[in-house]
Amino acid sequence: PIQPLQSPSLSAAHRQILRGVSRSFDLSIRLLPPALQAPVAIGYLLARATDTVADTTALPLGERQVLLDLMTQAIADPHAWALKNPELTRLTQAFAAQQTDPHERALMQALPQCLPLLHTLNLDDQASVRGVLGHITRGQQLDMARFNSGPQGLEALQTEAELADYTWLVAGCVGEFWTELCGRHLPGYSLLPQAEMMRIGREYGMGLQRLNIIRDAGADLTARRCYWPVEILAQAGLTPALLA
């Protein structure tokens, strides 16, 4: 049987929030070695919160950008000064009140309690979580700016280099994060050198994100977003508009 999540860092309330926003991920974390569970769970919770802000397109872009910037500062600051920022608290609670999904609303309401979880990790794991979230939030910020098409219509990535940068920021860095944690907490977990494992982890994450792009292509095009680069489509005689 799958065991309860073995992490003293996470309260029963935190675990309930994690289960609500991703039951499958909650189950997966329980299968990890205990040393990996807390940094992975905390990293996921915070990434899920920033993703909720970036993806809630029903709300004004400017409000979401300000809130995501404040959340990024709060995560990155090792002294957590930003946690005391009244504007962060105000915007987070106002944003939570507008969420239609009850699980995402609960996550945003609990954000002031989730952010301090970072400080329950050892310093190396804190640095790893902050590092991966820094890349993820940068990718989310670029996405919000890039696809703020409004009445202008469909927006698309232009080059393969832009696609590679995007897939690394939102997923390749996650593969590196997991690999870094394994190297730290599970000595001998691989017969390959750690540098090679980091490369494999990065490319695996980027590949999974490309699969996500294929899976979500219909919904993305409906939302006037195209992750297929214009230069690649042109080689097949296609344009983003033809796909839509």
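Heads up: numbering here begins at 1 and tracks the sequence. Side chains are part of it too, since the values below use all heavy atoms of this structure and drop only hydrogens, waters and symmetry mates.
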**Q** Short question: side chain of Asn122, backbone of Asp125 - any donor-acceptor pair under 3.5 Å?
**A** yes
**Q** Assess whether a salt bridge exists between Glu63 and Arg90, defined as any Lys/Arg side-chain N lying under 4.0 Å from an Asp/Glu carboxylate O.
**A** no
**Q** Under a plain distance cut-off of 3.5 Å, with no hydrogens placed, do Gln126 and Arg130 share a side-chain donor-acceptor pair?
**A** yes
**Q** Mind checking whether Phe177 and His135 have side chains closer than 4.5 Å, heavy atoms only?
**A** no
**Q** Is there a side-chain contact (heavy atoms from CB on, under 4.5 Å) between Leu67 and Thr92 once you walk through the steps?
**A** CA-CA 7 Å; Leu67 178 53; Thr92 299; 3.6 Å; yes
**Q** Begin with the C-alpha distance, continue with both residues' side-chain angles, and end with the deciding distance and a verdict on side-chain contact (heavy atoms from CB on, under 4.5 Å) for Leu31 and Leu27.
**A** CA-CA 7 Å; Leu31 300 176; Leu27 292 172; over 6 Å; no
**Q** Give, for atom SG of Cys173 and atom CE of Met206, the distance between the pair rounded to the nearest 0.5 Å.
**A** 10.0 Å
**Q** Keeping Glu231 on the side-chain end and Glu160 on the backbone end, is there a donor-acceptor pair under 3.5 Å?
**A** yes
**Q** Is there a donor-acceptor pair closer than 3.5 Å between any side-chain N or O of Gln158 and the backbone N or O of Ala156?
**A** yes
**Q** When rounded to the nearest 0.5 angstrom, what is the spacing between CG in Leu18 and OH in Tyr44?
**A** 7.0 Å
**Q** Nearest 0.5 angstrom please: Ile213 CD1 to Leu208 CG, how far?
**A** 11.5 Å
**Q** Okay, side chain of Arg210, backbone of Thr167: is any donor-acceptor separation there less than 3.5 Å?
**A** no
**Q** Looking at Glu176, is its backbone amide N or carbonyl O close enough to the side chain of Arg202 to form a donor-acceptor pair, meaning the two atoms are under 3.5 Å apart?
**A** no
**Q** Rounded at 0.5 Å granularity, tell me how far CG in Leu221 sits from SG in Cys226.
**A** 5.5 Å
**Q** For the backbone of Trp168 and the side chain of Gln209, can you confirm whether one donor and one acceptor N or O come within less than 3.5 Å of each other?
**A** no
**Q** Any donor-acceptor pair under 3.5 Å linking the side chain of Arg138 with the backbone of Leu169?
**A** no
**Q** Decide yes or no for Gln93 and Gln109: does some side-chain heavy atom of the first lie under 4.5 Å from some side-chain heavy atom of the second?
**A** yes
**Q** Heavy-atom count check: over 12 atoms from other residues, nucleotides or ligands less than 6.0 Å from Tyr204 OH?
**A** no
**Q** What is the minimum heavy-atom distance between Val21 and Arg48, and which atoms define it?
**A** O-NE, 3.7 Å
**Q** Over all heavy atoms of both residues, which pair between Ser190 and Met197 is shortest? Give the atoms and the distance, please.
**A** OG-SD, 3.2 Å
**Q** Check the angle between the aromatic planes of Tyr227 and Phe147 and answer parallel, tilted or perpendicular using the 30° and 60° thresholds.
**A** perpendicular
**Q** I want to check something: taking the side chain as every heavy atom from C-beta on, are Asp143 and Val170 in contact at a cut-off of under 4.5 Å?
**A** no
**Q** Which heavy atom of Thr179 sits nearest to which heavy atom of Gly201, and what is that distance?
**A** OG1-CA, 3.8 Å
**Q** Indicate the atoms forming the closest heavy-atom contact of Ala49 with Leu111, along with that distance.
**A** CB-CD1, 4.0 Å
**Q** Using modelled atom types and a 3.5 Å cut-off, is there a donor and acceptor pairing between side-chain atoms of Ser128 and backbone atoms of Asp124?
**A** yes
**Q** Taking all atoms of both residues into account, what is the closest heavy-atom pair of Glu180 and Gln194, and its distance?
**A** CA-NE2, 3.9 Å
**Q** Tell me yes or no: between the side chains of Asp55 and Gln140, is some donor less than 3.5 Å from an acceptor?
**A** no
**Q** How long is the straight-line distance from CG of Leu233 back to CG of Leu242, given to the nearest 0.5 Å?
**A** 9.0 Å
**Q** Testing the basics here: between Val129 and Pro39, what is the closest heavy-atom pair and its distance to 0.1 Å?
**A** CG2-O, 3.8 Å
**Q** Rounded to the nearest 0.5 Å, how far apart are CZ of Arg215 and CG of Asn212?
**A** 4.5 Å
**Q** Under the side-chain contact (heavy atoms from CB on, under 4.5 Å) criterion, do Arg64 and Leu68 qualify, and how do the steps go?
**A** CA-CA 6 Å; Arg64 290 184 288 129; Leu68 186 56; over 6 Å; no
**Q** Begin from the C-alpha positions of Leu46 and Leu115 and carry the test side-chain contact (heavy atoms from CB on, under 4.5 Å) through to its verdict.
**A** CA-CA 7 Å; Leu46 296 178; Leu115 282 166; 3.9 Å; yes
**Q** Would you call Ile42 and His14 a side-chain contact if the rule is heavy atoms closer than 4.5 Å?
**A** no
